[in-house]
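Letters go in sequence order (proteins before strands), and every chain restarts at 1.
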Number of protein chains: 2
Amino acid sequence: MSYANEMSARPESADERTLAARLRLAVVRLNRRLRAQRSEDRTVTLTQFSALSTLHKSGPMSPGELAARERVQPPSMTRVISALEESGLLTRSPHPTDGRQTVIEASAAGKAYIAAEVSARERWLDERLAELSEDERTVLRRAADIIDRMAGT
Amino acid sequence: MSYANEMSARPESADERTLAARLRLAVVRLNRRLRAQRSEDRTVTLTQFSALSTLHKSGPMSPGELAARERVQPPSMTRVISALEESGLLTRSPHPTDGRQTVIEASAAGKAYIAAEVSARERWLDERLAELSEDERTVLRRAADIIDRMAGT
DNA sequence: CTCATTTCGTTAGCATAGCTCACGATTCCG
DNA sequence: CGGAATCGTGAGCTATGCTAACGAAATGAG
């Protein structure tokens, strides 16, 4: 069943690397895991879901504003918005006074989708978090704030 | 200079979302920032650097083993290894006893590259971390361990 | 009012990064 | 010896970001 797969590699350990190196690896790995959690739901990707969540939570805004909140360049957001509109989860309407802008908003279907899928989407992560101690969750809660502050700069 | 860009969107706040949602957003955002830090160094991407670091730190191993450590599927790792080999930072050699396997190892150039570039690569993150308090860094250090444990499952 | 400048959203094209499926070579084991 | 398992890889797809360039609309100096 199990073949020999041991070489001179040292075992993976809680290591003495720098904080930057450890944090980078942790973030890269968790990001990969999170993106992989879209298998059953074929239509909406993590990026789209993230944008739709932010839009739903913050209310109608312009595409540029949403791009800024998600820390993404406007052209990247354009594609996300187009995909969500095509799925009927979001509506585009003209800005009342400024002809250059558009107002995007989560549609009724989009809001329903979020309500229904938010737990399914984050089920994997929720389960992992549930396995932790309350202290560990507190650490992650604080870390999420700190990371967000760093990434927002 | 400043155009009106206010709609009915609520301001972005330290919010009352679930831990899962907050952690997801924080990780996705930081990951984007980290990948963007490759501007000066044209040749080696974050994924390649991450793999090379792990290989250097853990010693010679098979491609499959490296893929497992990086939490990536073997075909994904093949491309990373090929790119690193082409750059001369890694060597492939046949396994002494198992003809199916190969042994990959950071070359002298690869080790030198890591030693020289590790700080440059992580400069952006290092600078952000330096702006934090010691307490905040401790939180991130613990969080990195917890996240890695979750992602490793 | 006129027109150069700025802003907004988008299109086009590129690079990275991951996946699954399939396949050939090799090894293991009954 | 021959079927089954394993390893690495090739092919092809999708997602996710970026920059450059552009057209439409708004602004503001004259």
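Summarising the geometry, the separation between CZ on A:Arg71 and P on D:dG17 is reported as 14 Å, rounded to the nearest angstrom. Between the CZ atom of B:Arg32 and the C1' atom of C:dA17 there is a distance of 15 Å, rounded to whole Å. Rounded to whole Å, atom C1' of D:dA21 lies 15 Å from atom CD of A:Gln73. The distance from atom CG of A:Asn31 to atom P of C:dG18 is 9 Å, rounded to the nearest whole Å. Remark: P of D:dC18 and CD of A:Glu70 are 12 Å apart, rounded to the nearest angstrom. Rounded to whole Å, atom P of D:dT6 lies 16 Å from atom CD of B:Glu65.
When the nucleotides D:dG8, D:dG17, C:dC8 are ranked by their closest atom to the side chain of A:Thr47, D:dG17 comes out on top.
Here A:Thr45 reaches the OP1 or OP2 of D:dT16: one of its side-chain N or O atoms lies under 4.0 Å away.
The local environment of CD in B:Glu86 is sparse, with at most 12 non-hydrogen atoms from other residues, nucleotides or ligands closer than 6.0 Å.
Between A:Glu136 and B:Arg142 no salt bridge is recorded (no basic side-chain N to carboxylate O distance below 4.0 Å).
For DNA chain D, the neighbouring residues in residues 75-93 of chain B, judged by any heavy atom under 4.0 Å, are B:Pro75, B:Thr78, B:Arg79, B:Arg92.
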Between the protein and nucleotides 23-26 of chain C, are there any N/O to N/O pairs under 3.5 Å, and if so, what are the atom names and distances?
unit_1: C:dT26; atom_1: O3'; unit_2: B:Gly99; atom_2: N; d: 3.4

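For A:Arg79, the salt bridge (Lys or Arg N to Asp or Glu O under 4.0 Å) test picks out no residue, with sequence neighbours left out.
Here A:Pro74 lies in heavy-atom contact (under 4.0 Å) with a base.
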